[in-house]
Protein chains: 2
Amino acid sequence: MLKISSLNVNGIRAAHRHGFTDWVSQNKPDIICLQELRALEHQVPDPIQNMDYHSVYHTAEKKGYSGVGILSREKPIQIQKGIGVDWIDNEGRILMSEFEDLIVFSVYAPSGTTGDERQDLKMEFLDHFLPFAQKYLSGNKPVVFCGDYNICHKPIDIHNPKRNKNTSGFLPEEREWVTQLLETGFEDAYRRLHEGEEDLYSWWSYRAASKERNKGWRIDYHMTCPTLLEAAEEAVIEREWDLSDHAPVTISYSI
Amino acid sequence: MLKISSLNVNGIRAAHRHGFTDWVSQNKPDIICLQELRALEHQVPDPIQNMDYHSVYHTAEKKGYSGVGILSREKPIQIQKGIGVDWIDNEGRILMSEFEDLIVFSVYAPSGTTGDERQDLKMEFLDHFLPFAQKYLSGNKPVVFCGDYNICHKPIDIHNPKRNKNTSGFLPEEREWVTQLLETGFEDAYRRLHEGEEDLYSWWSYRAASKERNKGWRIDYHMTCPTLLEAAEEAVIEREWDLSDHAPVTISYSI
DNA sequence: CATAGTACG
DNA sequence: CGTATTATG
């Protein structure tokens, strides 16, 4: 059994203050994909660095901004930072760890909520990401792209689909992109294990007590190859932990 | 009996969180001279604005920076913001409230701790301040210049005079300036009521638990005319309140 | 609302 | 150490 968690920490230092190491020691995931570290590698709190995990980070050039990481009990046999597109790689958004019989990515798609310019870059990111990810589907190792895609796919994935139909994160072209990703062969593993179930979200605004009222969005995914979907046995969103504005999305795979 | 308090609040909003209105209602000063408001007038918390005091503020152009105020039970018959020197007035450092038989100033001298440039401006401020204040000594109303002068006068006023003899706030030329102010006729009323008493400070660094170890500086003064010194009956530094890194300096005058 | 950054003290 | 700012989400 291999347990993989994905979590946008909204600042690894803040998540540490909120009990990140407690969560790790109580849940013992084999692999943890982190997004939005908002720290340089040397700023990651020591107690996290001293956990019994191998850690790989791909941080942004800009201090306190973006950045992804992968923690794993096993040491990766290979890692890859970025995808060869300068502005994306400078923002620390895509990181791979390859293991003996599994490839894991931590992905942090840009937010488009701050304006048109960033929304355009978000779409550009998605356009780069799709063919990049596709290549790994035809490889001979199971692959999963875990992360914060900053997109809700379907109305069921957002608490107020009507009000948000023109909001970045639920725009038709963004939702269509997720559909394309699935049509190329990826699987939204969490949804596939919870078909039709409502009120399942992975992010809640800090404002207006959104989390306690469960007014959230499901924007964090395990996008798996078909093989891994078959191996997926249990998928949970760990809403009971308040480590950041996101909840960990954890799936156990029988490999 | 007229009770006048002087307090550097290090942010009126922060002081409010730390119990400013409790302090006011328990002590009921007639006049409160405030320094380092670090807020525009409309940002002063409502509970402070709604106290039974008249308030006058002279804020800095730069947001979140400097600024002085005077709260008084009586309504001032006249007020004066600044002293006619642009850079000083833009920084919100000197404010007057005139009453029937008293003139009160709230003064916030620049800090010189951030470097030579600001230290030079501090000395320039002091050079402007001295003749400005002097004029009021020859007037026919009692006058007091309350505030944070950012200078310790004598070794007795600082916990470690030797180590700080080259530190801004205890430099020979700054201490000499205070001596001159006193020689022109002003009185350091708090000291005059506590001659020779040691370990009396009004400011403690937030660092290194300075306050609980009483490693402080006395840099907040009531600089009074001789008439007011004679009227001064009780002078206290209210160290038991933790409203900011300074303690209120409160003197009761029998006028 | 919250986490970063930086300026200032 | 602590209170502000501003950028970002």
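To find a chain, count down the sequence lines: A is the first, B the second, and so on, and within it residues start at 1. For the numbers below, each heavy atom of this structure counts, side chains included, while hydrogens, waters and symmetry mates do not.
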Item to check | Pairing residues for A/Tyr190 by the ring-ring contact (aromatic ring centres under 6.0 Å, His included) criterion, not counting sequence neighbours | outcome: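 Scan of A/Tyr190 (ring-ring contact (aromatic ring centres under 6.0 Å, His included), adjacent residues dropped) gives A/His194.
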In whole angstrom, what separates [X]'s [atom1] from [N]'s [atom2]?
X: A/Gln35; N: D/dG9; atom1: CD; atom2: P; value: 15 Å
X: A/Lys62; N: D/dT6; atom1: NZ; atom2: C1'; value: 11 Å
X: A/His246; N: D/dG9; atom1: NE2; atom2: P; value: 11 Å
X: B/Asp242; N: D/dC1; atom1: CG; atom2: C1'; value: 13 Å
X: B/Glu36; N: D/dG2; atom1: CD; atom2: C1'; value: 11 Å
X: B/Arg13; N: D/dG2; atom1: CZ; atom2: C1'; value: 14 Å
X: B/Phe20; N: D/dT3; atom1: CZ; atom2: C1'; value: 16 Å
X: A/Glu117; N: D/dA7; atom1: CD; atom2: C1'; value: 14 Å

Is the closest side-chain donor-acceptor distance between [X] and [Y] under 3.5 Å?
X: B/Gln35; Y: B/Ser6; value: yes
X: B/Glu174; Y: B/Gln119; value: yes
X: A/Glu91; Y: A/Ser66; value: no
X: A/Trp23; Y: A/Glu238; value: yes

Checklist entry - Between which nucleotides of DNA chain C, read 5' to 3', does contact with chain A run, using atoms under 4.0 Å from its heavy atoms? => result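 Result: C/dC1 to C/dT6.
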Give a yes/no on whether any side-chain N or O of [X] is located under 4.0 angstrom from OP1 or OP2 of [N].
X: B/Arg17; N: D/dG2; answer: no
X: A/Thr114; N: D/dG9; answer: yes
X: B/His18; N: D/dT3; answer: yes
X: A/Tyr65; N: D/dG9; answer: yes
X: B/Lys63; N: D/dT6; answer: yes

Going by the rule side chain to side chain donor-acceptor pair (under 3.5 Å), which residues pair with [X] if we only count those two or more places apart in sequence or in a different chain?
X: A/Arg38; value: A/Asn10
X: A/Asp242; value: A/Lys211
X: B/His153; value: B/Thr179

Item to check | B/Phe145/B/Tyr221 aromatic ring centres below 6.0 Å | outcome: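 Centroid separation for B/Phe145 and B/Tyr221: 6.0 Å or greater.
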Checklist entry - Under a 4.0 Å heavy-atom cut-off, which of residues 39-48 of chain A touch DNA chain D? => result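 Output list: empty, so none.
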